[in-house]
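What follows is a short report on a single structure.
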Amino acid sequence: MPRVRFAPSPTGYLHIGSARTSIFNWLYARKNNGTMILRLDDTDVERNTQASVDSIFDGLHWLGLGWDEYYRQSERLALHKEMANRILAQGRAYRDFTPAQTGEEERSESGEPWLFHPEMRELSSAESDRRAAAGEPFVLRFRVPRGENRAVKFKDSVFGDQYKKADEIEDFALLRSNGMPTYHMASCADDVDLRIDHIIRGQDHLTNTFKHVLIFEALCETKPKFAHLPLLIAPDGAKLSKRKHGPVVSVTTYRDAGFLPEAYINFLCLLGWSPKNNREQMSIPELIEAFSFSGVNRSNAVVNFSDEDPIDPKAQWLNGQHLRSMAIDGLLPAVRATLEAAGLRAEEANFAFVVDTIRARYTSLHDFATKGLPYFSDEFPMEPAAAERLDEPRARELLRTLGDRLAAATEFTEASVETALRELAAEAGVKPGVLINGSRAALTGQAVGPSAFHVFTAIGRERSIARLKKV
RNA sequence: GGCGCUAUCGUCUAGUGGUUAGGACGGGGCCCUCUCAAGGCCCAGGCAGGAGUUCAAUUCUCCUUAGCGCUACCA
């Protein structure tokens, strides 16, 4: 039973990269009958916001990514400290009483990387204890084992064998001088305590992992496996950021653009992962079935948006694919919600038929309320192109006649309407196309749309007749 | 600056020591057709650069370049 976690920091809204990390964790858990854990890494009290927490929950709910266990790091600080002190007791950490650096760091500019404060690393435990007891503030640092051939290594499920000389790893902080755990400490302590066995996260943590391996080795026998995901970047090659790229990085952008959660998930999965069989459109169950780390790419993927269009064209296409091919019953609630949000109401009697009739040409849920307006409301605009259809010679006159004939007939089916229309066209000596296209224009105000006879049945007998007579 | 990761059409990607380098989106065209979509077919478009290994490199090695990440008492 694998245990995985999605551990966002609530310092901004749920963004596209986090969403994808969450999806991959979720897919892995579902595929392997594992446990999905949601853990809020909220140790940075200054930057945490409730709005961000809400955004994360909203996003995950929308995507339908459930979790089996839920934790907040801020409620587990005692555990983090306890584990940090355990490392200190082992002698694998030491107190560094050097005052916190202020202003610009000089170390990183000097060429040689900073590793540790020698006098602090060598401080005797008696002296260290004495100063700590006296109340002198300190940061607790990991005593990275040094020496000629010391190295830290781990195998990444995506990036393969990773190796780093211990002498290139600085004595990183475990506990800050205010007693709060650092990210590294809190994260590893929780991963140990929650028995996480596969850490799936962004590639930005790949080099941090050496530090984490050190902590895990101090804290437990078997360290977890790691899988780092390539990052999502902007078309300009820069990493996605709210400041630079605006709201496109938020999952709400796609939700608000009328995306189906499954389509968005499908899209995100294709960024940095491939089933390797040319499959593109996939349902959630198919994604679960196909998911594997061997399909994960190692290079960053560009989310293809622009100033004019915040939505990746391929995502839009995928949304259309899902819209037109998913089970109609699964689509109906989403369409209903979209219509209600637009102040429209669906005729329940033939709702499924209407949606099924028009969905093939839509790529967003919003299209049902905009392009689909004539199907759900009697008030809709007459587009210029449609008006031209009505301006064809004799079109209006014959359409009104058609309305009369349909009103007189008892039957109203696709076939009966077609028969009536073609008979009328033949009698009048006009091409059927005039009445066919004219009907569509009269019934929907649009020059384009589904087959005219489908439109008749979708709009319904009474409304169709009324719209023809009004022409 | 140091360390690391990465590099195939505009974008997402498949792929191999010998392939016409495959698919998808987007773009262009054709077919279908009552319109528009959908669908089918076709076209343009790519192995970052340089060495080396090899009979043969897009593929293996090295270098360069570029991008990204890490280099905090942020996460």
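The chains referred to below are lettered A, B, ... by the order of the sequence lines, with proteins before strands, and numbering in each begins at 1.
OP1 or OP2 of B/C74 lies within a sub-4.0 Å distance of a side-chain N or O belonging to A/R176. For the OP1/OP2 pair of B/A14 and a distance below 4.0 Å, the side-chain nitrogens and oxygens of A/K276 include at least one atom meeting the criterion. Phosphate proximity of B/A7 to A/N300: absent, as no side-chain N or O sits under 4.0 Å from OP1 or OP2. Residue A/Q203 places no side-chain N or O under 4.0 Å from the OP1 or OP2 atom of B/G67.
Counting distance only, with no hydrogens placed and no angle test, the side-chain atoms of A/S451 and the base atoms of B/C34 include a donor-acceptor pair under 3.5 Å. With hydrogens and angles ignored, no donor-acceptor pair closer than 3.5 Å exists between the side chain of A/E168 and the base of B/G4. With hydrogens and angles ignored, a donor-acceptor pair closer than 3.5 Å exists between the side chain of A/K314 and the base of B/A24. Side chain A/S177 to base B/C73: a donor-acceptor pair is found below 3.5 Å. Between the side chain of A/R298 and the base of B/C5 there is no donor-acceptor pair of N/O atoms closer than 3.5 Å.
The residue among A/W273 and A/R324 whose nearest nucleotide of RNA chain B lies closer to the 5′ end is A/W273. Along RNA chain B, the nucleotide nearest A/H454 and the nucleotide nearest A/T98 are compared for position; the residue whose nucleotide lies closer to the 5' end is A/H454.
Using P as the reference atom, B/U19 and B/U11 are 26 Å apart when rounded to the nearest Å. The same atom, C1', is picked in B/C73 and in B/C12; the two are 41 Å apart, to the nearest Å. Nucleotides B/G52 and B/A14, compared at atom C1', are 28 Å apart to the nearest Å.
Look at A/D191 and A/R5 and you find a salt bridge, because one of the NZ, NE, NH1 or NH2 atoms lies within 4.0 Å of a carboxylate O, short of that distance.
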